[in-house]
Colleague: 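Before I ask anything, here is the structure I am working with.
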Amino acid sequence: MKALIIEDETAAARNLVAILRTVAPDVEIVATLESVAESIGWLRANPEPDLLFMDIHLADGDSFRIFDAVEITAPVIFTTAYDQYALEAFKVNSIDYLLKPLNEADVRRALTKLERLTSSERRSYGSRIRTMAAERRGSEEVFLVHIRDRIIPLHREQIAYCYTSNERVTAYGYDGAAYPLDRTLETLQSLLPEQDFFRANRQFIVARRAVKEIVVWFGSRLALHLTLETPERIIISKARVPEFKAWLRAVHPTE
């Protein structure tokens, strides 16, 4: 059996490889990939493996984006530190997952479950994942914000940008009001519609209508100025400038 590992944490990837060597020595690891972009490129250029281990949150975004670009029919075992929305969806759709830190017993159980799948179940596995991925993207229109003894509904059209610092994520409304969220920026990226929100860098997700102007920055990078103040300057790397311009041109085709 040939397996592909998609995991951006080096220690977690090494741990999984070590576990597989113990519980399933016949499994051949064909590659270990770290990002959405790298995974899409590899899957387009190589034969599909028999099995994929896929972390939900990668350095450049949600791994479900891979299914938007490549058709995957092989079974996938997802790994995650904790993602309540995803775990609930996995249970509903009978998709297997492993919680980090991984251990031998859980990996052995997941492999045994896959071995018991019938041919028809294996064929439907990929379609179930694609359906779940499509439902996940842009699925939430209202976020519940807990502030002391109150719960405030935050509609996504109110969000100008989301910002993370010191492992805390905050959404800011167009009026400058701050709303603490119990989601990671990676999870928010998967839940906010791509046509309206852009992951500028590791700290920021920005709303399209919040972008006021763009300044060419050092090293062919871009600096974004929004319609409201931000805790720090928003810089888009040189590598992501074409992607950002393409996203912006979707609304401003004459730009």
Side-chain angles (χ1 to χ4, degrees), residues 8 35-38 40 56-69 83 85 133-145 147 152-255:
D8 66 345
S35 68
V36 171
E38 185 183 19
I40 291 172
I56 294 177
H57 302 304
L58 302 173
D60 58 345
D62 194 311
S63 64
F64 287 105
R65 294 170 60 192
I66 297 170
F67 296 91
D68 295 334
D83 185 323
Y85 179 90
E135 292 173 348
R136 179 179 172 87
R137 186 166 299 284
S139 61
E140 293 198 20
E141 295 187 5
V142 178
F143 298 90
L144 299 181
V145 181
I147 301 179
I152 301 173
L154 173 65
H155 294 260
R156 69 185 184 198
E157 62 266 21
Q158 295 176 257
I159 300 174
Y161 68 91
C162 300
Y163 172 70
T164 182
S165 177
N166 297 322
E167 300 183 355
R168 294 181 179 178
V169 176
T170 305
Y172 288 84
Y174 286 91
D175 58 355
Y179 302 90
L181 297 177
D182 59 353
R183 309 290 182 94
T184 65
L185 216 60
E186 288 73 19
T187 298
L188 289 173
Q189 181 181 358
S190 70
L191 297 177
L192 295 169
E194 284 187 343
Q195 67 269 23
D196 298 322
F197 293 88
F198 185 82
R199 178 71 180 269
N201 52 41
R202 288 183 176 273
Q203 286 74 46
F204 286 93
I205 294 175
V206 299
R208 185 187 298 278
R209 67 188 184 95
V211 178
K212 181 179 180 181
E213 63 179 7
I214 307 156
V215 178
V216 177
W217 201 243
F218 301 103
S220 300
R221 297 175 294 170
L222 297 179
L224 302 187
H225 294 170
L226 304 188
T227 56
L228 66 163
E229 294 294 324
T230 56
E232 59 182 283
R233 195 184 304 274
I234 305 175
I235 301 296
I236 295 179
S237 68
K238 179 181 177 180
R240 300 204 63 213
V241 166
E243 181 184 355
F244 174 73
K245 287 184 176 180
W247 175 75
L248 208 58
R249 288 194 184 103
V251 164
H252 304 290
T254 60
E255 183 174 310

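Just so we're clear, the structure is a prediction, and the values are computed from it rather than from any experiment.
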Colleague: Which atom pairs, donor and acceptor, lie under 3.5 Å between side-chain atoms of residues 216-223 and protein residues at least two apart or in another chain?
Modeller:
residue, atom, partner, partner atom, Å
Arg221, NE, Phe218, O, 2.8

Colleague: Hey, mind stepping through Leu188 and Phe143 against side chain to side chain contact (heavy atoms under 4.5 Å, CB included) and telling me if it holds?
Modeller: CA-CA 10 Å; Leu188 289 173; Phe143 298 90; 3.8 Å; yes
Colleague: Tell me every residue that passes side-chain contact (heavy atoms from CB on, under 4.5 Å) with Ala239, counting only those two or more places apart in sequence or in another chain.
Modeller: Ser237
Colleague: Could you measure the distance from the CD1 atom of Ile236 to the CD atom of Glu243? Nearest 0.5 Å is fine.
Modeller: 9.0 Å
Colleague: Starting at CG of Leu224, measure out to CG of Leu248 and round the result to the nearest 0.5 Å.
Modeller: 9.0 Å
Colleague: Identify the two heavy atoms, one from Thr170 and one from Ala178, that lie closest to each other, and give their separation to 0.1 Å.
Modeller: CG2-CB, 3.7 Å
Colleague: Is there side-chain contact between Arg240 and Phe198, with at least one heavy-atom pair below 4.5 Å?
Modeller: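 SC-SC contact between Arg240 and Phe198 confirmed.
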Colleague: Val211 and Val206: which non-hydrogen atoms are nearest, and at how many Å?
Modeller: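 Distance-wise, the nearest heavy atoms are CG2-CG2, 4.5 Å.
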Colleague: What distance separates Asp196 CG from Arg156 CZ, expressed to the nearest 0.5 Å?
Modeller: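 So the CG of Asp196 and the CZ of Arg156 are separated by 7.0 Å.
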Colleague: Going by side-chain hydrogen bond (donor to acceptor under 3.5 Å, both in side chains), name the residues that satisfy it together with Glu157, two or more places apart in sequence or in a different chain.
Modeller: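 Expected list: none.
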Colleague: For a quick test of reading the model, state the closest non-hydrogen atom pair linking Leu58 to Ser63 and the distance between them.
Modeller: CD1-CB, 3.9 Å
Colleague: Is there a side-chain contact between Leu181 and Val145, using heavy atoms and a 4.5 Å cut-off?
Modeller: yes
Colleague: I'd like to know if the side chain of Asp175 reaches the main chain of Ala177, judged simply by a donor and an acceptor atom lying under 3.5 Å from each other, with no hydrogens or angles considered.
Modeller: yes
Colleague: Where do Ala171 and Leu154 come nearest, in terms of heavy atoms and distance?
Modeller: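 What the structure gives for the nearest pair is CB-CD2, 3.8 Å.
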Colleague: With rounding to the nearest 0.5 Å, note down the distance linking CZ in Arg208 to CD in Glu194.
Modeller: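 Arg208 atom CZ to Glu194 atom CD measures 10.5 Å (nearest 0.5 Å).
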Colleague: Supply the atom-to-atom distance Asn201 CG to Arg233 CZ, rounded to the nearest 0.5 angstrom.
Modeller: 12.5 Å
Colleague: Under the rule for side-chain contact (heavy atoms from CB on, under 4.5 Å), what residues qualify as partners of Thr230, not counting sequence neighbours?
Modeller: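 Partners of Thr230 under the side-chain contact (heavy atoms from CB on, under 4.5 Å) test: Tyr161, Phe204, Leu226, Ile234.
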Colleague: Just how far is it from atom CD of Glu38 to atom CD1 of Ile66, taken to the nearest 0.5 Å?
Modeller: 10.0 Å
Colleague: Indicate the atoms forming the closest heavy-atom contact of Ala207 with Ile159, along with that distance.
Modeller: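 In this case the closest contact between Ala207 and Ile159 is CB-O, 3.3 Å.
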Colleague: Taking ring-ring contact (aromatic ring centres under 6.0 Å, His included) as the definition, give me every residue that meets it alongside Tyr179, ordered by chain and number, with sequence neighbours left out.
Modeller: none
Colleague: Any side-chain heavy atom of Gln189 sitting closer than 4.5 Å to one from Cys162?
Modeller: no
Colleague: With sequence neighbours excluded, tell me which residues meet side-chain hydrogen bond (donor to acceptor under 3.5 Å, both in side chains) with Glu213.
Modeller: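 side-chain hydrogen bond (donor to acceptor under 3.5 Å, both in side chains) list for Glu213, sorted by chain: His225.
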Colleague: Return the set of residues passing side-chain hydrogen bond (donor to acceptor under 3.5 Å, both in side chains) with Glu232 (not counting sequence neighbours), or none when no residue passes.
Modeller: Tyr163
